Undergrad: 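Just passing along the structure, written as structure tokens.
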Amino acid sequence: MRLTILGGGGFRVPLVHRALLDDARRDAPGRCTELVLHDTDSARMRVIASVLDAQAAGVPRAPSVRLAEDLDDALRGADFVFSAIRVGGTAGRVMDERIPLAEGVLGQETVGAGGVLYGLRTVLVATDIAERVARIAPDAWVINFTNPAGMVTEAMSAVLGPRVIGICDSPVGLVRRAARAAGADPESLTYDYVGLNHLGWLRSLTRDGEDLLPGLLRDEAALASFEEGKLFGARWLRALGALPNEYLHYYYFRRETLRSVMESAVTRGEFLDQQQGDFFTRAAAAPERSFELWEHTRLRREETYMAESRAATGGWERDTCDLDGGGYDQVALALMRAISADERTRLILNVPNGLTVPALDSAAIIETVCEVGAKGARPLPCAPLREDQLGLMLQLKAVERAAIEAALHEDRDAALRALALHPLVDSPAVAARILSRAGLG
């Protein structure tokens, strides 16, 4: 099986490769035998290739790694295409964060005005990739991790239909942490999770017919033992009656989080821009140390994840069990196994809504529990959404669709709608100034 990674010079590519090596050690059915990397930055791609080479040392049946300078060459013959591109690089992310902050509103990679700016820059590129896949590798499955993942997956699905599936590591991390806090094995549970990417809620956690979530919400000590419990606090979680995705902290505690971001010496994008730039420079100069340098940099990256939100809630360190790289690599591999070997499983994925949320049309991309097999991913029915949950989903879906329209048709009115309708942007005048500062007004 051939896997192509677009954004093959990305810092997190070794995490996917690490999961592929686990399959190779087990000689898993349908395992990847060839990994093709493609990136617009060939120097970074070569550095990542040196990390993969060191990581695979001594591993029997490790997939071969090939670097493809040409996109069409990278796609040709692919069974799966993993899209993890960053249009504009980390320098673009810095601008996405700093421009809104200069107007007093949140700048973040996928949330708020920063997420809209990132989407406006990315959608057209992602759509072009989808069209190239449809032409060159029409039987390939595309797994999208490019942010904003829900918006980008929806744009690509207009070309590829159900053959593009979006993934994220936040929901699987939430389920894993909540199960551990409830004293249960995540593999023994079923659960109800629904929303949009970076805007979802875990609303039940069931073992042998018993929902463990109400008991967890009543147990302050258990809630204080994991990340979402610390972020949102026991009182608010009990009031919600659900466990929100960590990114909802930007919505529920917008004042506190904005203050924390404004008080930080550097934004998350600036930290990663400096950190990754330093890694790639040092690893290019000493390729024999590339894996060691990558692992050290990765650990620091995970330790500082969501640092502003943690600072806004008193400051605390991440648990060591949450520093292994997130989990999106495991979700991607589980998804590929399920499709290629028809290993039926359930995963939280970004897929067309179908009939899951009646208030949204069937083509809208939502993030929910899916049953996956050889024919792809099918969203499962979920309990009705509360009005507050549905309201946020509808408003953010309108934002996503306006941003897609703006990017595809160079429609400035749609771009203004996308920014001004976002609940974290408090004025159309502010939205217009943000667009002007970004060169889009």
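All values reported here derive from a predicted model rather than from experimental measurement. What's counted below: heavy atoms across the whole structure, side chains too, no hydrogens, waters or symmetry copies.
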Undergrad: Give the C-alpha distance, both sets of side-chain angles, the deciding distance and a yes or no for side-chain contact (heavy atoms from CB on, under 4.5 Å) between Asp79 and Leu3.
TA: CA-CA 6 Å; Asp79 297 294; Leu3 167 64; over 6 Å; no

Undergrad: Please walk me through it: do Trp201 and Tyr193 pass ring-ring contact (aromatic ring centres under 6.0 Å, His included)?
TA: CA-CA 6 Å; Trp201 298 265; Tyr193 181 97; 8.2 Å; no

Undergrad: For the CG atom of Leu106 and the CZ atom of Arg259, what is their distance to the nearest 0.5 Å?
TA: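 Output value for this atom pair is 13.5 Å.
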
Undergrad: Look at the side chain of Glu97 and the backbone N and O of Gly269, then say whether any donor-acceptor pair between them is shorter than 3.5 Å.
TA: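 Looks like yes, one N/O pair under 3.5 Å.
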
Undergrad: State whether the number of non-hydrogen atoms from other residues, nucleotides or ligands found under 6.0 Å of Met45 atom CE is greater than 12.
TA: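 Yes, because the 6.0 Å sphere around CE of Met45 holds more than 12 heavy atoms from other groups.
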
Undergrad: Would you tell me whether Asn353 and Ser362 have side-chain atoms, one donor and one acceptor, within less than 3.5 Å of each other?
TA: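 Absent: no donor and acceptor within the cut-off.
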
Undergrad: Could you point out which residue of Glu400, Met151, Lys397 forms a side-chain contact (heavy atoms from CB on, under 4.5 Å) with Ile365?
TA: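 When Glu400, Met151, Lys397 are each tested with Ile365, the side-chain contact (heavy atoms from CB on, under 4.5 Å) holds only for Lys397.
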
Undergrad: Would you say Thr4's side chain and Ala74's backbone share a donor-acceptor pair under 3.5 angstrom?
TA: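 Yes.
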
Undergrad: Test your reading of the model: is there a side-chain donor-acceptor pair from Arg163 to the backbone of Ala140, 3.5 Å cut-off?
TA: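 Checking the backbone N and O of Ala140 against the side chain of Arg163, a donor-acceptor pair under 3.5 Å is found.
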
Undergrad: Taking the side chain as C-beta and beyond, is there a heavy-atom pair between Val36 and Arg2 under 4.5 Å?
TA: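 The answer is yes, as the side chains (C-beta and beyond) meet within the 4.5 Å cut-off.
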
Undergrad: Gln395 versus His422: any side-chain heavy-atom pair under 4.5 Å?
TA: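 When only atoms from C-beta onward are counted, His422 and Gln395 do not touch, as no gap falls below 4.5 Å.
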
Undergrad: Can a salt bridge be assigned to the pair Glu210 and Arg207 using a cut-off of 4.0 Å between side-chain N and carboxylate O?
TA: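 Here Glu210 does not pair with Arg207 in a salt bridge, since their nearest N and O are not under 4.0 Å apart.
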
Undergrad: Is there a donor-acceptor pair under 3.5 Å between the side chain of Ser157 and the backbone N or O of Glu154?
TA: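 Checked: pair present.
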
Undergrad: Distance check, rounded to the nearest 0.5 Å: Leu117 atom CG versus Gln108 atom CD?
TA: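 Rounded to the nearest 0.5 Å, the CG-CD separation comes out at 12.0 Å.
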
Undergrad: Which heavy-atom pair separates Phe271 from Arg300 by the least distance, and what is that distance?
TA: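 For Phe271 versus Arg300, the nearest heavy atoms are CZ-CG, 4.0 Å.
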
Undergrad: Please state whether the rings of Phe280 and Phe11 are parallel, tilted or perpendicular, taking 30° and 60° as the class boundaries.
TA: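 Perpendicular: the ring planes of Phe280 and Phe11 meet at over 60°.
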
Undergrad: Strictly below 4.0 Å, N to O, side chains only: are Arg238 and Glu220 in salt-bridge contact?
TA: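 Yes.
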
Undergrad: Quick test of your reading of the model: are Lys230 and Glu227 salt-bridged, counting only N-O distances below 4.0 Å?
TA: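 Salt bridge absent between Lys230 and Glu227.
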
Undergrad: Between Tyr251 and Val111, is a side-chain contact (heavy atoms from CB on, under 4.5 Å) present by the stated rule, with each step listed?
TA: CA-CA 9 Å; Tyr251 297 87; Val111 174; 3.8 Å; yes

Undergrad: What do the steps show when you test Cys370 against Arg346 for side-chain contact (heavy atoms from CB on, under 4.5 Å), and what is the final call?
TA: CA-CA 5 Å; Cys370 298; Arg346 290 188 177 186; over 6 Å; no

Undergrad: Looking at CG of Leu223 and CZ of Arg235, how far apart are the two atoms once the value is rounded to the nearest 0.5 Å?
TA: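 Rounded to the nearest 0.5 Å, the CG-CZ separation comes out at 14.5 Å.
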
Undergrad: If you look at every heavy atom in Ala374 and Trp141, which pair is closest and at what distance?
TA: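 The answer is O-CZ2, 4.0 Å.
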
Undergrad: Please give me the minimum heavy-atom distance between Arg12 and Asp169, naming the atom from each residue.
TA: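 Where Arg12 meets Asp169 most closely, the heavy atoms are NH2-OD2, 3.1 Å.
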
Undergrad: Give the minimum heavy-atom separation between Thr127 and Ala155, together with the two atoms involved.
TA: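 For Thr127 and Ala155, the tightest heavy-atom pair comes out as OG1-CB, 3.9 Å.
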
Undergrad: Charged N to carboxylate O under 4.0 angstrom, Asp39 versus Arg44?
TA: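 Answer for the salt bridge query: no.
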
Undergrad: Do the side chains of Arg203 and Asp211 get close enough for a salt bridge, i.e. N-O under 4.0 angstrom?
TA: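 Not counted as a salt bridge, because no side-chain N and carboxylate O are separated by less than 4.0 Å.
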
Undergrad: Donor-acceptor pair, distance only, cut-off 3.5 Å: does the side chain of Ser50 make one with the backbone of Val47?
TA: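 Yes, Ser50 side chain to Val47 backbone: donor-acceptor pair under 3.5 Å.
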
Undergrad: Using modelled atom types and a 3.5 Å cut-off, is there a donor and acceptor pairing between side-chain atoms of Asp219 and backbone atoms of Ala222?
TA: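 Flag set: sc Asp219 to bb Ala222 pair under 3.5 Å.
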
Undergrad: In Å and rounded to the nearest 0.5 Å, what is the CG to CG distance from Leu248 to Leu199?
TA: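 Reported to 0.5 Å precision, the distance equals 4.5 Å.
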
Undergrad: Regarding Asp192 and Ser204, is there a side-chain donor-to-acceptor distance under 3.5 Å anywhere?
TA: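 On atom types as modelled, these side chains do not qualify, holding no pair under 3.5 Å.
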
Undergrad: Do Glu69 and His38 come within less than 4.5 Å of each other through their side chains, counting heavy atoms only?
TA: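 No; the side chains remain at least 4.5 Å from each other.
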
Undergrad: Among residues at least two apart in sequence or on other chains, which ones pass ring-ring contact (aromatic ring centres under 6.0 Å, His included) with Tyr191?
TA: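 Partners of Tyr191 under the ring-ring contact (aromatic ring centres under 6.0 Å, His included) test: none.
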
Undergrad: With a 4.0 Å cut-off, would you call Glu228 and Arg177 a salt bridge?
TA: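 Answer for the salt bridge query: yes.
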
Undergrad: Taking NZ, NE, NH1 and NH2 as the nitrogens, is one of them in Asp278 or Arg282 under 4.0 Å from a carboxylate oxygen of the other?
TA: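 Yes, charged N to carboxylate O under 4.0 Å.
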
Undergrad: Counting only N and O atoms by type, is there a donor-acceptor contact under 3.5 Å from the side chain of Gln389 to the main-chain atoms of Arg386?
TA: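 Side chain of Gln389 to backbone of Arg386, a donor-acceptor pair under 3.5 Å: yes, one is there.
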
Undergrad: Under 6.0 Å from the CD atom of Glu410, do we count more than 12 heavy atoms belonging to anything else shown?
TA: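 No - once you tally the heavy atoms of other residues, nucleotides and ligands closer than 6.0 Å, there are 12 at most.
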
Undergrad: When the ring planes of Phe253 and His249 are compared, do they come out parallel, tilted or perpendicular, using 30° and 60° as the limits?
TA: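 Taking His249 first and then Phe253, their aromatic rings lie parallel (interplane angle under 30°).
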
Undergrad: Side chains of Phe82 and Ile167: closer than 4.5 Å at any heavy-atom pair?
TA: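 Counting from C-beta outward, Phe82 and Ile167 do come under 4.5 Å.
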
Undergrad: Show the nearest heavy-atom pair for residues Thr356 and Cys382, with the distance to one decimal.
TA: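 For Thr356 and Cys382, the tightest heavy-atom pair comes out as CG2-SG, 3.8 Å.
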
Undergrad: Looking only at atom types and distance, does a side-chain atom of Thr110 sit under 3.5 Å from a main-chain N or O of Gly115, one as donor and one as acceptor?
TA: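 No, the answer is negative, given that no donor and acceptor are paired below the 3.5 Å cut-off.
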
Undergrad: Looking at side-chain heavy atoms only, is the closest gap between Pro148 and Asn197 below 4.5 Å?
TA: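 Side chain of Pro148 against side chain of Asn197, heavy atoms only: no contact under 4.5 Å found.
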
Undergrad: Please step through side-chain contact (heavy atoms from CB on, under 4.5 Å) for the pair Leu349 and Glu367, ending with a clear verdict.
TA: CA-CA 5 Å; Leu349 301 167; Glu367 188 169 81; over 6 Å; no

Undergrad: Counting only heavy atoms not in Arg135 (residues, nucleotides, ligands), do more than 12 fall under 6.0 Å from its CZ?
TA: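 Yes - once you tally the heavy atoms of other residues, nucleotides and ligands closer than 6.0 Å, there are more than 12.
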
Undergrad: Using modelled atom types only, decide if a donor and an acceptor are shared between the side chain of Thr281 and the backbone of Gly277 within a distance under 3.5 Å.
TA: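 Side chain of Thr281 to backbone of Gly277: a pair is present.
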
Undergrad: Hey, could you give me the CG/OG1 distance between Leu347 and Thr368, rounded to the nearest 0.5 Å?
TA: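 That separation rounds to 12.0 Å.
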
Undergrad: Are Leu15 and Arg298 close enough that some pair of their side-chain heavy atoms sits under 4.5 Å apart?
TA: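 A side-chain contact under 4.5 Å exists here.
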
Undergrad: So which heavy atom on Ala113 is nearest to which on Ile434, and how close?
TA: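 Where Ala113 meets Ile434 most closely, the heavy atoms are CB-CD1, 4.0 Å.
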
Undergrad: Closer than 4.0 angstrom, basic N to acidic O: yes or no for Arg93 and Glu270?
TA: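 No salt bridge links Arg93 with Glu270.
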
Undergrad: State, yes or no, whether a side-chain contact exists between His17 and Leu35 at a heavy-atom distance under 4.5 Å.
TA: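 Yes, their side chains come closer than 4.5 Å.
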
Undergrad: Do the side chain of Ser290 and the main chain of Ala283 share a donor and acceptor less than 3.5 angstrom apart?
TA: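 Not at all, since once roles are kept as given, no pair shorter than 3.5 Å links the two residues.
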
Undergrad: With side chains defined as the heavy atoms from C-beta onward, is the minimum distance between Leu243 and Phe226 less than 4.5 Å?
TA: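 Answer yes - side chains close enough.
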
Undergrad: When rounded to the nearest 0.5 angstrom, what distance separates CG in Leu333 from OG in Ser340?
TA: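 Nearest 0.5 Å value for the CG-OG distance: 9.5 Å.
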
Undergrad: Let me have the donor-acceptor pairs involving side chains of residues 118-125, under 3.5 Å, with sequence neighbours excluded, atom names and distances please.
TA:
residue: Arg121; atom: NE; partner: Val87; partner atom: O; Å: 2.8
residue: Arg121; atom: NH1; partner: Asp96; partner atom: OD1; Å: 2.9
residue: Arg121; atom: NH1; partner: Asp96; partner atom: OD2; Å: 3.3
residue: Arg121; atom: NH2; partner: Val87; partner atom: O; Å: 3.3
residue: Arg121; atom: NH2; partner: Asp96; partner atom: OD2; Å: 2.9
residue: Thr122; atom: OG1; partner: Tyr118; partner atom: O; Å: 2.7

